[in-house]
Amino acid sequence: MGGGNGETMTELGDAFEDETGIAVEMSYQGSYEDTLNQSFAGLEAGTMPEIVQIDSLHAKQLLDTGAYQPVEDVLPDDYPVADFLDPVADFFTVDGTLYSLPFNNSNAILYYNKDVFDEAGLDPESPPETLEEVTEYSQAIVDAGAADYGITWPNHVWFLEHWYALAGQPLVDNENGWADDPTTVHTETDVGETIWSWWRDLASEDLYTNPGMEAWTEATDLFYGQDVGMLLTSTASVSGAIAQSEANGFELGTGFYPAIDGREGVVIGGASLWVPADLPDDRAEEAGRLLEFMTRPENQIEWHRETGYYPVRESAVDRLEDEGWFEESPHHGTAFEQLLASEQTTATKRMLVGPARKVAVELQEGSVEIFEDRTGLEDGLSTMKTAIESEMERYVEARGS
């Protein structure tokens, strides 16, 4: 992690080193995708670090390498695994075994500019809750000239996963990939048609602006610059959004992620910490001590306050509630309320897919084809489905089923 989040991680490593005398070197590898590729290169070269931080999207691919040991095997014997937030631990637990350590985890929420809402004649205390309301609010914002566009978000598969999870629809088959390797993607469904037709219509009316493929920074910059009235992005942006809204002179609002209709729940995002299988016992023991340190309640509280990622342990949440933190900073509480309101179902458990990167790219590129009217809705959904099925089949054949 770079920027402020990277600095906070380095501070945690330095504090651990001061406490234990065990040297810690943290090495920034770029994006999640860069880190994943560096990890595979390290496996080939035998130069893997003791701990690597990997996007939850790629969990299945790492599991299939057989190169990582269950993190519960290196944690201290008295580590309170039961203290993890259930929705968080549920994703990183496979066949009853905790394989990687939850660390920087989040869901996506709605950020909005209360001043823009006020100028557009919208209630600044009542953000939109459904896709239909997002369209209505966006139209009001643009018609009033309060902002150039109503809404934006990075073109990333995670946002599609949220809409599917809220609708109670797994994105892929075989229980979202948890029962067996998935063989298809559910684009040609009522849920899929609703999402992509809404997105296409929003873009065609110039109510949505596309910041680019996986353009996290570009999306937030559009919001901070008040070019858009609303933004969908990770809770990891909460602390930055609070600071940037103050710096740019507008009042920030946050709300739950807008749904099609009902709200079954949201999916976990962010990353977890993995430990290679072939570490010497002494190094594995030291890695376990660092993992324990980084997830201590007091350190998770600091991590949460500085970043917006939610603390992964119940005891840390309890302390924050006792201290009145969520009343003091309600924007930090929005994600918690959304997470705790979520059911733990097949749909809300993030997809577990081997060729996750290929699946993501097909969905992201296919989305552009649809919302820029390069292809019809029916053809676009069918094309994505066919391409993804081929990638899934190719992955299983290459791995050996």
Side-chain angles (χ1 to χ4, degrees), residues 108-113 116-117 119-122 127-167 169 171 185-233 255-261 360-388:
I109 60 173
L110 175 76
Y111 297 78
Y112 65 97
N113 185 321
V116 166
F117 271 39
E119 186 178 344
L122 300 168
E129 298 180 1
T130 66
L131 301 190
E132 183 178 357
E133 288 180 349
V134 168
T135 300
E136 293 171 0
Y137 280 50
S138 296
Q139 191 69 64
I141 289 168
V142 172
D143 286 350
D148 293 336
Y149 301 94
I151 192 168
T152 193
W153 63 88
N155 181 9
H156 190 283
V157 68
W158 192 45
F159 298 90
L160 291 168
E161 289 183 87
H162 271 74
W163 281 310
Y164 270 78
L166 284 164
Q169 167 76 70
L171 183 55
V185 62
H186 296 139
T187 53
E188 294 183 305
T189 61
D190 290 343
V191 170
E193 290 176 3
T194 298
I195 293 168
W196 273 285
S197 62
W198 167 77
W199 193 353
R200 176 200 60 196
D201 293 347
L202 205 65
S204 68
E205 296 296 325
D206 290 327
L207 304 178
Y208 158 85
T209 183
N210 176 25
M213 196 83 71
E214 302 178 11
W216 301 88
T217 300
E218 292 82 354
T220 54
D221 285 348
L222 285 165
F223 179 67
Y224 299 151
Q226 303 187 68
D227 297 298
V228 297
M230 297 178 285
L231 166 73
L232 298 175
T233 198
F256 283 8
Y257 197 90
I260 295 173
D261 188 7
V361 169
E362 291 291 348
L363 288 168
Q364 290 160 191
E365 291 181 346
S367 295
V368 175
E369 294 290 314
I370 291 172
F371 72 69
E372 291 193 351
D373 274 333
R374 299 178 195 170
T375 187
L377 178 65
E378 184 176 334
D379 287 344
L381 297 179
S382 176
T383 298
M384 286 190 286
K385 182 174 183 286
T386 300
I388 287 169

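With a 4.5 Å cut-off on side-chain heavy atoms, T209 and D227 do not count as touching. Using a 4.5 Å cut-off on side-chain heavy atoms (C-beta onward), L160 and W199 make contact. Looking at D373 and R200, their side chains come closer than 4.5 Å, going by heavy atoms from C-beta outward. Side-chain contact between L110 and L231 is absent, with no heavy-atom pair separated by less than 4.5 Å. For the pair L377/W196, a side-chain contact is recorded, criterion being any heavy-atom separation below 4.5 Å from C-beta on. You'll find the side chain of T130 stays beyond 4.5 Å of the side chain of I260, heavy atoms only. With contacts defined as side-chain heavy-atom distances shorter than 4.5 Å, the pair Q226/N113 qualifies.
Across all their heavy atoms, I109 and G255 have their closest contact at CB-O, 3.4 Å. The heavy-atom pair separating T189 from Y164 by the smallest distance is OG1-OH, 4.1 Å. Taking each heavy atom of W163 and Y257 in turn, the nearest pair found is NE1-CE2, 3.2 Å. For the residue pair G150 and V142, the shortest heavy atom distance occurs at N-CG2, 3.9 Å. Taking each heavy atom of V134 and P128 in turn, the nearest pair found is N-CB, 3.8 Å. Smallest separation of non-hydrogen atoms from E119 and G145: OE2-O, 3.9 Å.
At least one donor-acceptor pair under 3.5 Å links the side chain of H162 to the backbone N or O of A108. The backbone N or O of D379 sits nowhere less than 3.5 Å from a side-chain atom of S382 that would complete a donor-acceptor pair.
Between atom CH2 of residue W153 and atom CG of residue L232 there is a gap of 6.0 Å, rounded to the nearest 0.5 Å. Note that CG of L166 and CG of D261 are 11.0 Å apart. Values are rounded to the nearest 0.5 Å. In this structure, the separation between CG on L131 and OG1 on T194 is 8.0 Å, given to the nearest 0.5 Å. Here T152 contributes atom OG1 and N210 contributes atom CG; the two are 7.0 Å apart, rounded to the nearest 0.5 Å. In this structure, CD in E378 is found 7.5 Å from CD in E188, a value given to the nearest 0.5 Å. Of the inter-residue distances, the one linking D148 atom CG with L222 atom CG reads 9.5 Å to the nearest 0.5 angstrom.
Heavy-atom neighbours of D143 CG from other residues, nucleotides or ligands within 6.0 Å: above the threshold of 12. Other residues, nucleotides and ligands place more than 12 heavy atoms under 6.0 Å from the CD atom of E193. Under a cut-off of 6.0 angstrom, the local environment of CG in D221 is crowded, with over 12 non-hydrogen atoms contributed by other residues, nucleotides or ligands. Annotation: E372, atom CD; neighbour count of heavy atoms from other residues, nucleotides and ligands within 6.0 Å is above 12. In the displayed structure, E129 atom CD is contacted under 6.0 Å by at most 12 heavy atoms of other residues, nucleotides or ligands.
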Evaluation steps, ring pair (Phe, Tyr, Trp, His ring centres under 6.0 Å), between F371 and Y208: CA-CA 10 Å; F371 72 69; Y208 158 85; 5.6 Å; yes
Go through the steps to decide whether R374 and V368 satisfy the test side-chain contact (heavy atoms from CB on, under 4.5 Å), and finish with yes or no. CA-CA 8 Å; R374 299 178 195 170; V368 175; 3.8 Å; yes
For I151 and I141, what are the C-alpha separation, side-chain angles and deciding distance, and is it a side-chain contact (heavy atoms from CB on, under 4.5 Å)? CA-CA 9 Å; I151 192 168; I141 289 168; over 6 Å; no
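With respect to M230, the side chain to side chain contact (heavy atoms under 4.5 Å, CB included) criterion is satisfied by exactly one of Y149, Y137, F223: Y137.
For W198 and T135, the side-chain atoms include at least one donor-acceptor pair closer than 3.5 Å. At a cut-off of 3.5 Å, with distance as the only test, no side-chain donor of N155 or E214 sits close to an acceptor on the other residue. In the model, E205 has no side-chain atom that pairs as donor or acceptor with a side-chain atom of Q139 under 3.5 Å. For the residue pair T233/W216, the side-chain donor-acceptor check at 3.5 Å is not satisfied.
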